[in-house]
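Given the structure is predicted, the values throughout are model-derived calculations rather than measurements.
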Amino acid sequence: MDPVRNPYAPGAGQRPPELAGRDRELKQFEVVLERVARGRPERSMIVTGLRGVGKTVLLNAFRSMAIQRLWGTGKIEARPDQSIRRPVASALHRAVRELAPRHRAPDRIEDFLGVLKAFAQSEPEPSGKSKARAHRWQPGIDVPATRGRADSGDLEIDLTELFVDAASVATDVGAGIALFVDEMQDIPADDVSALCAACHELSQVGGPLIVVGAGLPHLPAVLSASKSYSERLFRYARIDRLDRESADHALLAPAEREEVTFTKDALDALYGAADGYPYFVQAYAKVVWDVAPDTPITADDIKVAAPEAESELAVGFFGSRYERATPAERDYMRAMAMLGDDPVSTASVADELGRKPSSLSPARDGLIKKGLIYSAERGMVAFTVPHFGQFLRSQPA
C-alpha cells in the first residue's frame, strides 16, 4: 500500500491519528477546567504511567483543551539537573502573553511582567561559585524587574507569590492559567517541595491557576516525600496499556479513513504483539501498512512485518535506553530481567548477581536517575519501559 498515505505515527509525544482509550482522563480534565472556570475549588492533576503509554500525548491534549477555552498555557519538561525557576518563568511568560490582548489594563500586565522578570533573575548561583544571585540572564521581558516580590531567592516563597499574581491576572480576564510539566519526577527535590507549596497556597485562595504534571509511576511517591499533603493536593490519573476494544479502534479508525481495514486474525496478531501499549500499537501498525500488498491487512502481513517492527523497537525504543547505561547498570538490569517482568526486590537482584545489596546502590540509583527503572515501593524496583525485560533476555550475554 502507498506509504505516503500511512496514517500511523510512532513518535515521542506525537499524537496518534486516533487518541483511543483515554476518554475517562479527558472527561476528568474537562471537569477540572469547568470547575476552575466557575470559581469552584479544584485540585491540580497528575498523569502517571510507564514509557510509551501516551502521557505526553495526553498532556498535549489537555493543553489543547485549555487553549480552546482561551486559557493561558505554558509547558516545561523537567530535568534532574535543572531548577524549574527559569523554565517556569518562560512558561508563565507565554501564558500571560496569551491573555494580555484581552486585558483592559496594560499596566496590570506590565506589573506582572516586572514580577516575573525579578523571579526569573533571582536564581542563586550554582554551589561552589559566588553566592550572589545570577542577574545576567535576560528572559526577554522589556520592563524593569520589580523589587520585593517573588525575588527573595527562596523558590518556595517566590513561586507562591508568582503563582498568586499570575492567577490574579487570569481572574481579571475571566480565564485561567494552566502550567504543564512533563517528566515531573525529574524535578529536583527542593523544587518539588516549592511547587507543592505554591499549589497548596493556590488551592486555599482559589486562584484560577492549575499545574498539570505527567511522570513515571513513582511520581506520587516523589510528591508525597516532599510534602505530606500532596496526596490530597492533586487529582491522580494512572494510565496503562489499552484494552482490546481501544487498541482495535486505534488501528481501525485511521485505516478506514484511508479505505483500508484489517481482518480479525490480523487484529488478534497485532494485539498480541503490541500488548496494548499505545507506542507499540503505532510502531507495529506503521510497518505492517508499508509491507502489506493490499487491503484487508491479514495475519500473514503481520508475520512478515513483525521482525522489522521488532528490529526498529530494539534499536530506537529499547536499545537507545540500554546504551545510556554503564556496564554496572547493564548488569543490574539484566539481573532484573532474569527475575521476570514484575517488580522485583533489590535483595533478589543482589542474590542474582552474587553481591551485597549495599554494593549495588550506585548502579540502582544511577538507573533511577536515568529514568530506566523506578522504585515501585520500598525495596522493590521495576523497569520504566514495558517489555524491557523481554528485550534484555533476548540479547546475548
[X] and [Y] ion-paired at < 4.0 Å:
X	Y	answer
Arg108	Asp111	no
Lys303	Glu310	no
Glu312	Lys286	no
Lys27	Glu34	no
Asp248	Arg244	yes
Lys264	Asp268	yes
Arg69	Glu30	yes
Arg330	Glu323	yes

*asked:* Please determine whether residues Leu216 and Val344 belong to a single hydrophobic cluster, defined as Ile, Leu, Val, Met, Phe, Trp and Tyr linked transitively by side-chain heavy-atom distances below 4.5 Å.
replied: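 No: no chain of side-chain contacts under 4.5 Å links Leu216 to Val344.
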Would you list the atom pairs, donor with acceptor, under 3.5 Å between side chains in residues 196-213 and any protein atom, with sequence neighbours excluded?
unit_1	atom_1	unit_2	atom_2	d
Ser203	OG	His200	O	2.6
Gln204	NE2	His200	O	3.3

Exercise: do [X] and [Y] side chains pair donor with acceptor under 3.5 Å:
X	Y	answer
Asp243	Ser246	yes
His218	Gln185	no
Arg43	Tyr236	no

State whether the side chain of [X] and the backbone N or O of [Y] hold a donor-acceptor pair below 3.5 Å, judged by distance alone.
X	Y	answer
Ser230	Leu233	no
Asp151	Gly148	yes
Arg238	Val47	no
Ser359	Lys356	yes
Lys75	Phe180	no
Asp191	Ile84	yes

For the [atom1] atom on [X], are there more than 12 heavy atoms of other groups (residues, nucleotides or ligands in this structure) within a distance under 6.0 Å?
X	atom1	result
Arg324	CZ	yes
Arg102	CZ	yes
Met338	CE	no
Asp154	CG	yes

*Any salt bridge (charged side-chain N to carboxylate O under 4.0 Å, His left out) pairs touching residues 216-229, not counting sequence neighbours?*
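Output for this query lists Glu156-Lys227.
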Over all heavy atoms of both residues, which pair between [X] and [Y] is shortest? Give the atoms and the distance, please.
X	Y	result
Trp289	Arg5	CZ2-O, 3.7 Å
Leu242	Ala20	CD2-O, 3.4 Å
Phe119	Arg85	O-NH1, 2.9 Å
Pro296	Asp301	O-OD2, 4.2 Å

_Check: Phe317 ring centroid to Phe280 ring centroid under 6.0 Å_ = yes
*In Å and rounded to the nearest 0.5 Å, what is the CE to CZ distance from Met45 to Arg235?*
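Going from the CE atom of Met45 to the CZ atom of Arg235 covers 6.5 Å.
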*Pick from Tyr279, Phe318, Tyr277: which one makes a ring-ring contact (aromatic ring centres under 6.0 Å, His included) with His387?*
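Among the candidates, only Tyr277 passes.
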